[in-house]
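Some notes on the structure that comes next.
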Amino acid sequence: MIEIKNLQKSYDNERIIDIPQYTFEKGVSYLIFGPSGCGKSTLLNIIAGVIPADSGEVIINGTDITKMSPVKRDEYRLHSVGYVFQDFRLLDQMTVEDNLRLLELEVKEKLDIDEMLKPLGILPKKKKKINTLSVGEKQRVAIARALIKNPLVLLADEPTGNLNKKIADEIMSLTASYAQKYNIPVITVSHDYDMKEHFDNFIEMAELNAELSEVRAND
Amino acid sequence: MIKFALKNLRTRLTRGILACIAVILCTTIALITYNTAHQVEEGVISTAGYYDTIIGPEGSPLELVFSSMFFTESPLGTISYEYYEKVKENPSVTEAYPMAAGDNYQGIPIIGTVPGYLEDYEVQEGELFEATEEAVIGSNVADAGVLEIGDKFVGVHGFEENGHVHDEFEYEVVGILSESGTATDNVIFTTAESVWVIHDHDHDECGDDHDHNDHEHNDEHHDHDHNEHEHEHEDHDHEHNDHEHNDEHHDHDHNDHDQNDHEHDHNEHDHNEHDDHYHNDHDHNDHADEEGHEHDHDEHLHDHDHEEVTGELVSIILRTEGLAAHTELKSEFDEIAGVQAVNPTTVLRDLIDNLNLGRDVLFILAGIIVFMAAVVIYVTTASFVEDSKKDILIMRLLGIKRKTIFSLFVVQTVIISVVSIAISFIISYIGLHLINTFTADRMGILIDPSKHYPGEFLLVLGVFAIIVISAIISIIPVYKHDPLEVE
C-alpha cells in the first residue's frame, strides 16, 4: 500500500504535483492518465525515489521515502520498486540475461532468470543482445527486470509509447495483471486513454492534483 | 563483479583494445628504456671491474679500455712486449695478460694473448689454444656458424673484413668457449705469437720487416741485415721441405724439427715448449735458405732465449694487489713516452658520468613520452567511460549504488591495466632479448631479459595509478548527470 499525503513538487516555480492525499492499494492496478507535462511521470519518479519531493509524504508499507537520504532511496528503489521506464532503459550491448543479472551487483541472492522470462515468452531470447530484439521483446525484458526482485510496487511509465495497438494492449493487460498476481499496487501512467479498460482504476492526473482522492472507478 | 566487468568490457571490445594498446605502448617503452639503461651500465662496469689496470699506447683512455676489454674499438697502437715482461715480474701484480691484435676473420677480431687470460672461462667444446696457429672461438662466433672445431681459416689484416688476407698463415679452431655474456663471446683468441708471426710474415712479404725485427733482434746478435734476406714464403717452404716439414702441419713440423734428423742442427737450442713455434718461424724467416746462416741462427737463438717471444702488444691487462699498486704502476708507466696506464672502471665511470647529461635528456624525452602516453591513456579511459555513460546512468536509475558502479569501473580498469602490463612485460622481455642479441654481439654485454629492477615496478605502479586516476576523474562528471536524462 502506498499512501500519499500533501505531496508537492514544483519545477521553475510552477507547481506540477499537489496531491493532498491518495492511497494506492495492494492488488489493485491503476492507470493515471493525462497530457504530456501534467506531472504524471514526476509522480512515478517521486514514488520510485528517483527524485525527491518538495514536501509531503509517500509512505510505502509504513516507510516514508521522502525522509530518506539519496543513498537510502537508491537502496529502497533497487529492492522494493519495480519500474518499467519509458524507452525501457536497457543495456543495449548486453544480453537479456545480463540485463537481469545486473541487479546481482547489489542483490545478493541468485536470481531465477528463466522462471521470470518463461511466462513473458522471451526465454529463447535469453542470450540475445538487447539491440537485436524487437520493441515488444524489449518491453518484456524491461518488465522482467522490474519484477524479478519481487517489488512492493510496480510502476510503468508510458509502457506502450512505441508499440502498435495490438502489442500495446497485450503489454498493458500483462502489466495490470501483476497487481493481483503479486498482490502489489501497479501504477501505470499513459497519455493513451484507450488503455483504461485493462486497469482496475483510472485516474486523471488533473483530478488527482485538484481534489482529495477523487477517484473514478473504471467500470 | 569481475564477471560483469568482463562482460561489460567485451561489449566495448574496440575501446578496450585501444585502451590496452595505449597502456602497452607506454609501459613497454618505459620498461625497455629503464631496464636496458641499467643493464648496459652494470654490464660495462662489471666487465671492467675485475681488472684494475690497462697499460697501452698513449691516446684516448676510453678507446684503450674498449679495444682491450670489449674489442669494439681499433687499438690505439702498440707498445713493446718488454713492458709485459716487466710488469709480470712485479710482485704487486697478481695477474697480467698481454693482448695482441691486428687482424680479423669476417669482421671478428682475432686477439692474441696467453691461455691464462681465458682460464676463468668454460670451454664448451675442444680445448684452449696452446700452440701457435691454434685458435679458440667465442660462443657467439660458434653460434653464428662462422667457425667450428677443426675449421681452418686465415686472418684479414686490420679490423675491416676486406683487408689484406694473410693467406700464408692458417689458424685451426681447437676450442669453443661457453657463453659468458662478455666480450669474449664475440672474439677469436689465439696465442700472441700467432699474431706476431702472421705480421712478421706479412712484413717479410712486404719487405717491411724492420720494425718487428729491430725489436726482436738486436743487431749485435746478427751478423747480417734482415733486409738482406729473402724473407719470402717460398723460402719458408723451402726450409720446411729441407726438414721434411709439411706446410699444412706447422706445429708438427716444429716437433719433427726437434726430433728428427735435424737435431744435430738444433740440439743447442733451448726450445722451451711454449716458444718453440714462434722461434722456428723466426728461424725460417730470418735465415731463409742461406745454409751458411744456420749456425749464426743457432747461436742467436741460443743466446737470446728471453727474446724468443717478442712482438708488439696493443695492451697489457692487469690485476694488482690494490689501489696503491695500481697508482704506483700508473705513475710509472705514465712517465714513459708513448705509454699510459689507466683504470678501466674509472674510465668507464667517467664515461657514464659524462653520459649523464645525455641520460638527463633521455629521461626528459622519456618523461615527455610518458606524459603523452598518460594523456592518451586518460583520453582512452575517459572515452571508455563516456561510452559507458548511458549504462552508468541506467544503473543509477535502477538504484545501483554509486560505490558499486565506481567499483565496477575500477575493476574494469584494473583488468585493462593488468592485461596491458602483463603484455608489456612479455613484449619488453622479447624486446630485451632482441636488444641482448645486439649488445651481446656488438659489445659483449649480456642483457638478461628476465632481470628486473625495483624501479620497473614503481614505473608499472605509476602507469597503474594513471589508469585508475583517469577512470576516477572520468567517472565523477557522469555521476553529476541526472539519471533521467538518459537518451
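Since this is a predicted model, take the numbers as computed values, not measurements. Here is the naming used below: chain letters follow the sequence lines, and residue numbers restart at 1 for every chain.
With a 4.5 angstrom heavy-atom cutoff, B:Arg396 touches chain A via backbone and side-chain atoms both. With a threshold of 4.5 angstrom between heavy atoms, A:Leu90 approaches chain B through N, CA, C or O but not through any side-chain atom. Within the 4.5 angstrom heavy-atom criterion, no atom of A:Lys72 approaches chain B. Neither the backbone nor the side chain of A:Arg73 comes within less than 4.5 Å of any heavy atom in chain B.
Formation of a donor-acceptor pair under 3.5 Å by the A:Arg89 side chain with backbone atoms of B:Leu397 is not found in this model.
Atom CD1 of B:Ile2 has 12 or fewer neighbouring heavy atoms from other residues, nucleotides or ligands inside a 6.0 Å radius. Under a cut-off of 6.0 angstrom, the local environment of NZ in A:Lys26 is sparse, with at most 12 non-hydrogen atoms contributed by other residues, nucleotides or ligands. The number of heavy-atom neighbours closer than 6.0 Å to NZ of A:Lys67, taken from other residues, nucleotides and ligands shown, is above 12.
Note: B:Ile394 CD1 to A:Asp92 CG = 7.0 Å, rounded to the nearest 0.5 Å. Interatomic distance, B:Met395 CE to A:Leu103 CG, rounded to the nearest 0.5 Å: 11.0 Å. Atoms CG and CG, on B:Asp391 and A:Leu91 in that order, are 4.5 Å from each other to the nearest 0.5 Å. We find the CZ-CG distance between B:Phe4 and A:Leu102 to be 4.0 Å, quoted to the nearest 0.5 Å. Atom NZ in B:Lys401 sits 9.0 Å away from atom CG in A:Asp74 (nearest 0.5 Å).
Across B:Lys403, B:Arg402, B:Lys7, the residue that shares the most heavy-atom pairs under 4.5 angstrom with chain A is B:Lys7. Most heavy-atom pairs under 4.5 Å with chain B, from the set A:Leu105, A:Val50, A:Ile51: that is A:Leu105. Of the residues considered (A:His79, A:Arg101, A:Arg145), A:Arg145 shows the highest number of contacts with chain B, using heavy-atom pairs under 4.5 Å. Of the residues considered (A:Gln93, A:Met94, A:Gln86, A:Glu75), A:Met94 shows the highest number of contacts with chain B, using heavy-atom pairs under 4.5 Å. For the options A:Thr95, A:Asn45, A:Leu78, A:Val81, heavy-atom pairs under 4.5 Å to chain B are most numerous at A:Leu78.
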Would B:Leu398 and A:Phe85 count as a side-chain contact (heavy atoms from CB on, under 4.5 Å) here? Give the steps. CA-CA 10 Å; B:Leu398 292 174; A:Phe85 297 98; 3.9 Å; yes
